[in-house]
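Quick note on labels: first sequence line is chain A, next is B, and so on, each numbered from 1.
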There are 2 protein chains.
Amino acid sequence: MKKRPLRIKDIAEILNISVSTVSRALRDTYDVNPETRKRVLEVANQLKYKPNMHASALASGNTRNIGVVIPFITNYYFSTVISGIQETAYTNGYNLILLVTNDNAEREQSMIENLAITSLDGLLVSISSNSSMVDHFQSLIDDGISVVFFDRVPENIDATKVMQDDFQGAFDATKHLINNGYTRIAHIAGNKHLSFTQNRLSGYLEALKKHNLPIRQEWIIYSGFSQQCGEEDTHELFKLQEQPDAIFAVNDRKAVGAIITLKKEGYHVGKQIGVIGFTNDPISTIIEPSLSTIEEPAFEIGKESCELLIKHIANKKILPREIILPSTLIVRDSSKRETL
Amino acid sequence: MKKRPLRIKDIAEILNISVSTVSRALRDTYDVNPETRKRVLEVANQLKYKPNMHASALASGNTRNIGVVIPFITNYYFSTVISGIQETAYTNGYNLILLVTNDNAEREQSMIENLAITSLDGLLVSISSNSSMVDHFQSLIDDGISVVFFDRVPENIDATKVMQDDFQGAFDATKHLINNGYTRIAHIAGNKHLSFTQNRLSGYLEALKKHNLPIRQEWIIYSGFSQQCGEEDTHELFKLQEQPDAIFAVNDRKAVGAIITLKKEGYHVGKQIGVIGFTNDPISTIIEPSLSTIEEPAFEIGKESCELLIKHIANKKILPREIILPSTLIVRDSSKRETL
DNA sequence: TTATAAAAATGAAAGCATTAAATAATCAAA
DNA sequence: TTTGATTATTTAATGCTTTCATTTTTATAA
């Protein structure tokens with residue numbers, strides 16, 4: 001039943017040449033007579049030769065496998081990033097090995113530690129939000145395997161990182177609220193450990209400062225990233241004596257939670273209370289009022305990080321660098337004072 | 001810089017025993033003195049031995065890699081299925097190789113044909129919606145690699161398939177509309193080629209028949225699966241002379257499109273026109289009115305298909321079978337005549 | 001033209017880390 | 001002793017890459 005797949009050896013026998021010549025001809029990277037190469041490729045195509053990845057990996061040390069470590073895949077941002085990664089991995093002949101941490105630091109650590117690193121050329125990672133320890137990644141890097149971090153990047157590690165412009169995005173979002181006449185702007189933030197939480201917070205603070213608006217600690221709430229967290233944080237905010245008149249949420253899911261809570265509590269979102277998010281999740285066009293937000297270049301982040309990783313794999317001597325991709329303000333109804 | 005990883009050979013030298021004994025001890029599958037095994041495992045743990053997947057795959061023929069062929073990952077259903085797959089693959093020591101077809105039959109075919117099948121033990125696939133040809137899968141199966149289809153399964157192939165109960169779900173959805181007093185029920189369907197489109201259509205028709213309601217061909221529209229298709233189809237429906245008073249959409253995204261269009265055209269969704277979807281995408285709780293739907297067991301489908309695939313890999317003689325997982329009606333506001 | 005060096009093309013064989021089949025050694029029971 | 005069971009070792013095999021050696025071809029100088 002199980003057909004024995006065609007090997008290089010078989011091609012060599014058919015053409016009456018040596019195995020090494022076939023191997024070289026197939027890889028287009030050594031001195032081989034163009035005529036010979038042509039004949040080899042012809043037979044290979046004809047007989048649908050598929051290289052045995054394992055043999056090749058074993059002999060050469062290059063596996064053509066990339067690991068992707070990611071907290072979730074069931075959300076718009078991450079699944080879009082993966083699309084970008086997959087696209088460039090595929091066109092460059094790399095396979096993707098998916099490692100979903102469920103945003104759980106222990107699981108992340110055990111996954112990395114149990115990883116058969118010999119089977120990977122490199123790793124693309126977005127750390128889980130409660131992982132402050134990153135030794136397991138450092139030792140991976142020390143072992144000589146290339147790692148590129150994206151979006152959720154650790155601060156205390158010297159590696160290539162790819163992010164959107166979180167500071168500028170947050171600054172633009174906050175400024176947009178200010179420009180639209182909101183003056184008492186709260187921020188429902190994410191997990192403190194993550195550097196993008198810090199960057200978005202900084203952008204928010206900077207915008208307030210620039211416009212001489214008050215910064216009040218009780219208007220800044222750290223929690224998780226879910227819609228429910230958004231609901232709880234908002235509830236919290238509107239129990240305060242001094243209530244804000246706008247909310248900048250660290251992401252769209254929390255912003256959605258905010259809108260839902262505000263509506264439930266009888267506020268008119270937009271007219272009374274402005275809301276803006278971050279991501280441009282498709283849900284932001286569905287919710288009412290539609291959600292203003294900062295668009296993140298998710299697909300490009302995936303593409304860019306994968307390209308950088310492949311470069312690192314090809315040349316171990318490239319120095320780490322940080323890439324920041326621009327994000328764009330998208331205005332919808334949740335931040336409009338006038339309309340409605 | 002690059003540390004040479006620990007090999008079986010190193011362990012053997014340390015313990016002064018042969019390589020094969022170490023190999024067997026590590027795999028717990030041959031007669032090895034329990035004492036010896038204990039010592040081997042001790043050293044392996046101590047020195048953090050990680051097996052070389054490629055060497056192992058080459059020698060044994062088992063790669064512990066599973067390919068997942070999927071139209072998209074940026075949607076709730078598929079990303080949830082992948083979560084289920086990933087979970088069981090991981091606990092069984094399998095890696096996932098992701099192949100995203102972008103719902104494009106040619107791309108699907110070329111991906112499969114260029115696949116280094118030697119590097120996969122099996123394949124989990126959900127076919128792209130315009131792929132009526134499935135020869136590339138058949139030849140994979142003929143080559144002896146295990147394939148399990150899920151959700152979007154081809155009809156003309158004898159293989160294990162895992163689906164939700166599309167017929168019953170559609171029947172329940174339609175019946176629910178009927179019970180709530182809607183009598184002129186339209187169906188905005190998906191791509192004709194896919195068997196689940198057919199099954200959902202059958203469920204819909206069956207429910208109408210059972211309640212002696214009219215079946216009108218112009219109330220059944222086939223198109224794609226996107227929100228935009230939902231909008232267009234709905235627009236189409238309400239240009240007719242005889243207009244329906246309810247819509248059963250093949251999935252939630254189309255139902256969302258329907259609701260948006262209906263609202264735009266001034267209809268009161270629920271009170272005037274009932275809408276029900278299929279999937280239970282989180283968006284169905286966000287849209288207003290909230291969307292009634294049929295919940296699909298996406299995570300379980302991923303889990304179940306992966307488990308079945310692993311069984312097939314372990315025992316090539318298992319006969320193909322079809323698994324149908326139940327789906328459940330979830331009632332929200334879009335199908336309520338009275339409320340609002 | 002011939003001899004010789006240089007370059008280009010090819011081949012043989014070792015090696016990659018593991019598994020597995022075929023032996024071998026050990027020891028107890030018959 | 002012989003037999004059988006248990007445990008361990010030797011050796012071959014997996015399919016490919018790569019180093020080193022060899023052959024063939026081409027260019028250069030005598």
Next item on the list: Have a look at B/T21 and say if it touches a base, only the backbone sugar-phosphate, or nothing, with a 4.0 Å heavy-atom cut-off.
Entry: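 The residue B/T21 makes base contact.
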Could you walk me through whether A/R27 and A/S23 satisfy the side-chain hydrogen bond (donor to acceptor under 3.5 Å, both in side chains) test, starting with their C-alpha distance in whole Å, then the side-chain angles of each, then the deciding distance to 0.1 Å, before giving a yes or no?
CA-CA 6 Å; A/R27 273 172 306 145; A/S23 166; 2.8 Å; yes
* Asked: Quick one: which of C/dA9, D/dA8, D/dT17 gets closest to the side chain of A/T36?
  ->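 Closest nucleotide to the A/T36 side chain: C/dA9.
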Point to revise | Nearest listed nucleotide, side chain of A/A59, among C/dG15, D/dT9, C/dT18 | key: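 Comparing C/dG15, D/dT9, C/dT18 against the side chain of A/A59, the answer is C/dG15.
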Compute the ring centroids of B/F225 and B/F196, then answer whether they are less than 6.0 Å apart.
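Close enough - the centres of the two rings lie under 6.0 Å apart.
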So, does [X] get its side chain near the phosphate of [N], meaning an N or O under 4.0 Å from OP1 or OP2?
{"X": "B/R27", "N": "C/dT19", "value": "yes"}
{"X": "A/Y49", "N": "D/dC16", "value": "yes"}
{"X": "B/S20", "N": "C/dT19", "value": "no"}
{"X": "B/S18", "N": "D/dT9", "value": "yes"}
{"X": "B/S23", "N": "C/dT18", "value": "no"}

Take atom [atom1] of [X] and atom [atom2] of [N], then tell me their distance rounded to the nearest Å.
{"X": "A/K38", "N": "C/dA9", "atom1": "NZ", "atom2": "P", "result": "16 Å"}
{"X": "B/L58", "N": "C/dA17", "atom1": "CG", "atom2": "P", "result": "12 Å"}
{"X": "B/I8", "N": "D/dT9", "atom1": "CD1", "atom2": "C1'", "result": "15 Å"}
{"X": "A/N62", "N": "C/dC16", "atom1": "CG", "atom2": "P", "result": "16 Å"}
{"X": "B/R64", "N": "C/dT19", "atom1": "CZ", "atom2": "P", "result": "11 Å"}
{"X": "B/H54", "N": "C/dT19", "atom1": "NE2", "atom2": "P", "result": "14 Å"}
{"X": "A/N52", "N": "C/dA17", "atom1": "CG", "atom2": "P", "result": "16 Å"}
{"X": "B/I11", "N": "C/dT18", "atom1": "CD1", "atom2": "C1'", "result": "12 Å"}

* Would you sort out whether B/Q46 and B/E42 count as a side-chain hydrogen bond (donor to acceptor under 3.5 Å, both in side chains), showing the intermediate values? => CA-CA 6 Å; B/Q46 191 99 44; B/E42 251 165 33; over 6 Å; no
Strictly distance-based, threshold 3.5 Å: is any side-chain N or O of B/D103 a donor or acceptor partner for the main-chain N or O of B/S129?
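Yes; judged by distance alone, with no hydrogens or angles, the pair exists.
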Query raised in the report: Between B/A55 and B/N33, who's closer to the 5' end of DNA chain D by nearest nucleotide?
Result: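 Its nucleotide being nearer the 5' end, the pick is B/N33.
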Assign each of A/K9 and B/P34 the nucleotide of DNA chain D bearing its closest heavy atom; nearer the 5' end lies the nucleotide of B/P34
Q. So A/F72 and A/F78, would you call those rings parallel, tilted or perpendicular, with 30° and 60° as cut-offs?
A.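 The rings of A/F72 and A/F78 sit tilted, inter-plane angle from 30° to 60°.
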### Query
Is there a donor and acceptor pair closer than 3.5 Å between the side chain of B/R24 and the base of D/dT7?
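In this structure, the two groups form no donor-acceptor pair.
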